[in-house]
Amino acid sequence: MEQRHLGRTGLRVSRIGLGTLTWGRDTEEHDAADQLKAFWEAGGTLIDTADVYGGGEAEYLLGRLVERLVPRRDLVIATKAGSVPDPDRRVDGSRGHLLAALDASLARLGTDYVDLWQVHAFDPDTPLEETLQALDIAVASGRARYVGVSNFCGWQLAKAATWQLAPGGARARLASTQMEYSLLQRGVEREVLPAARDLGLGLLPSSPLGRGVLTGKYRHATPSGSRGASDRLAPFVEPYLDDSATRIVDAVITAADGLAATPLQVALAWVRDRPGVVAPVVGARNAQQLAAALSVETLSLPDEIRRALDDVSAPVHRYPDQDWSTL
């Protein structure tokens, strides 16, 4: 699998990442083991997790599997901290919480360091410089090799990245930002992606298949066993089942038919090759689903198909997102 630099750093990662959102909860150990081994054998290196996935079980499961299945040195393990299961405070970006969460993640993962440590979301109740200091300490102490953020809007990302680049301090440069990005969700193109490209951060798209909708499996009905059929995850899928999404999915299916490919391959190739994107993070229920995603490695979309998909999914960008001189 092709390797790409993560932003303006020396860290290289596979251009497809493996997500573990459902590990330890919906994905059992034998399925997770099959996924990890298949991913590694295909040349994949980037494994994305978080301290809250499965209440910590995803990290614990990954740590057990790495120990016996895949050499630690062959993987780029990325995890996140900051999300908390508190209805009154969903995010805790305080230095104390983040560093304690990192130590707990390392213990569950069974490793002395993570390759990429990310702040899971912006905390409006903690000074940003305090949150960022936790990243500096993590790198300085060797517990994290690189750091990034997740779910920061444009001004939050620009402020954080600029602060870390300011002279006069031993600050760890931000390597990446992780955001939802797909043909069904192109909101990052307004401000986040331009900021990331300008400041040298690589984008790691989450939900690159539009929460599964872009595979076409919800086109006529909701398959049993899918996220859309789950009481817990159905609200996650439902926003992408409207008429606008249907038009985009139809275009993806048409493109796939013309290329003798699958809708999954077309949708994933589109986001993988967008400017500024480093590695879409895909989650799979089993190794068969993962193999379908990994098969995209051989596909590059022709320019005319890429432009057609751009057009059918184009978001409305008006002032001040566009160059004022074109308005």
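Just the heavy atoms: all of them, side chains too, but no hydrogens, waters or symmetry mates, feed the values below.
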Between [X] and [Y], is any side-chain donor less than 3.5 angstrom from a side-chain acceptor?
{"X": "E59", "Y": "S105", "answer": "yes"}
{"X": "S295", "Y": "Q265", "answer": "yes"}
{"X": "Q288", "Y": "D34", "answer": "no"}

Task: Residue list, side-chain hydrogen bond (donor to acceptor under 3.5 Å, both in side chains) with W270, at least two apart or on another chain - done: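 Listed in chain order: D310.
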Open item on the list: Under the rule for side-chain hydrogen bond (donor to acceptor under 3.5 Å, both in side chains), what residues qualify as partners of N286, not counting sequence neighbours?
Closed with: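 For N286, no residue satisfies side-chain hydrogen bond (donor to acceptor under 3.5 Å, both in side chains) once neighbours in sequence are set aside.
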Within the 4.5 Å heavy-atom criterion, are [X] and [Y] side-chain neighbours or not?
{"X": "V91", "Y": "H120", "value": "no"}
{"X": "V119", "Y": "F152", "value": "yes"}
{"X": "V84", "Y": "H97", "value": "yes"}
{"X": "R274", "Y": "L203", "value": "no"}
{"X": "Y218", "Y": "V249", "value": "no"}
{"X": "F122", "Y": "L128", "value": "yes"}
{"X": "L193", "Y": "Y181", "value": "yes"}
{"X": "R64", "Y": "E67", "value": "no"}

Once you round to the nearest 0.5 Å, how far does [atom1] of [X] lie from [atom2] of [Y]?
{"X": "L116", "Y": "T79", "atom1": "CG", "atom2": "OG1", "result": "9.0 Å"}
{"X": "L102", "Y": "S141", "atom1": "CG", "atom2": "OG", "result": "7.0 Å"}
{"X": "S94", "Y": "Q133", "atom1": "OG", "atom2": "CD", "result": "11.5 Å"}
{"X": "L61", "Y": "L109", "atom1": "CG", "atom2": "CG", "result": "10.5 Å"}
{"X": "E297", "Y": "L268", "atom1": "CD", "atom2": "CG", "result": "10.0 Å"}
{"X": "L214", "Y": "I253", "atom1": "CG", "atom2": "CD1", "result": "9.5 Å"}

Where [X] and [Y] come nearest, the two heavy atoms and their spacing:
{"X": "G17", "Y": "A279", "answer": "N-CB, 4.3 Å"}
{"X": "S14", "Y": "Q3", "answer": "N-OE1, 3.3 Å"}
{"X": "G82", "Y": "D51", "answer": "N-OD2, 4.3 Å"}
{"X": "R89", "Y": "G93", "answer": "NH2-N, 4.3 Å"}
{"X": "Q35", "Y": "L290", "answer": "O-CD2, 3.3 Å"}
{"X": "V213", "Y": "V237", "answer": "CG2-CG1, 3.8 Å"}

- [ ] In plain terms, say whether D311 and R247 are close enough for a salt bridge, that is, a side-chain N and a carboxylate O under 4.0 Å apart.
- [x]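 Not counted as a salt bridge, because no side-chain N and carboxylate O are separated by less than 4.0 Å.
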Has the side chain of [X] got a donor or acceptor atom that lies under 3.5 Å from a matching backbone atom of [Y]?
{"X": "Q289", "Y": "R285", "result": "yes"}
{"X": "T45", "Y": "V76", "result": "no"}
{"X": "R4", "Y": "V278", "result": "yes"}

Going by side-chain contact (heavy atoms from CB on, under 4.5 Å), [X] matches just one of [options]. Which one?
{"X": "P71", "options": "L69, D74, L75", "value": "D74"}
{"X": "L174", "options": "L201, T9, L199", "value": "L201"}
{"X": "V252", "options": "V312, V266, T215, L184", "value": "V266"}

Group every Ile, Leu, Val, Met, Phe, Trp and Tyr by side-chain heavy-atom contacts under 4.5 Å, then state whether [X] and [Y] land in the same group.
{"X": "M179", "Y": "L18", "result": "yes"}
{"X": "V188", "Y": "V281", "result": "no"}
{"X": "I16", "Y": "W23", "result": "yes"}
{"X": "V282", "Y": "V13", "result": "no"}
{"X": "L264", "Y": "Y240", "result": "yes"}

With a cut-off of 6.0 Å (strictly less than), are more than 12 heavy atoms of other residues, nucleotides or ligands near [atom1] of [X]?
{"X": "E130", "atom1": "CD", "result": "yes"}
{"X": "D112", "atom1": "CG", "result": "no"}
{"X": "R90", "atom1": "CZ", "result": "no"}

TODO: Determine, step by step, whether Q164 and D136 satisfy the side-chain contact (heavy atoms from CB on, under 4.5 Å) criterion, reporting the C-alpha distance in whole Å, the side-chain angles of both residues, the deciding distance to 0.1 Å, and the verdict.
DONE: CA-CA 9 Å; Q164 293 302 95; D136 300 335; 2.8 Å; yes
Task: CA sep, side-chain torsions, deciding dist, call: V271, S182, side-chain contact (heavy atoms from CB on, under 4.5 Å) - done: CA-CA 6 Å; V271 71; S182 73; 5.5 Å; no
TODO: Could you tell me whether R143 sits above the aromatic face of W117, with NZ or CZ closer than 6.0 angstrom to the six-membered ring centre and within 45 degrees of the axis?
DONE: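 Geometry flag: not set, cation outside 6.0 Å or 45°.
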TODO: Tell me, please, whether Y113 has R72 positioned over its six-membered ring: NZ or CZ under 6.0 Å from the ring centre and within 45 degrees of its axis?
DONE: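 R72 over Y113 ring: yes.
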- [ ] Walk me through it: do L98 and R95 pass the test side-chain contact (heavy atoms from CB on, under 4.5 Å)?
- [x] CA-CA 5 Å; L98 291 175; R95 180 175 58 244; over 6 Å; no
Open item on the list: Please evaluate residues L157 and E191 with respect to the criterion side-chain contact (heavy atoms from CB on, under 4.5 Å), reporting the C-alpha separation (whole Å), side-chain torsions for both, the decisive distance (0.1 Å), and the verdict.
Closed with: CA-CA 9 Å; L157 177 65; E191 292 189 341; over 6 Å; no
Task: Residue of the set Q185, E238, E180 for which side-chain hydrogen bond (donor to acceptor under 3.5 Å, both in side chains) holds with R211 - done: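 Passing option: E180.
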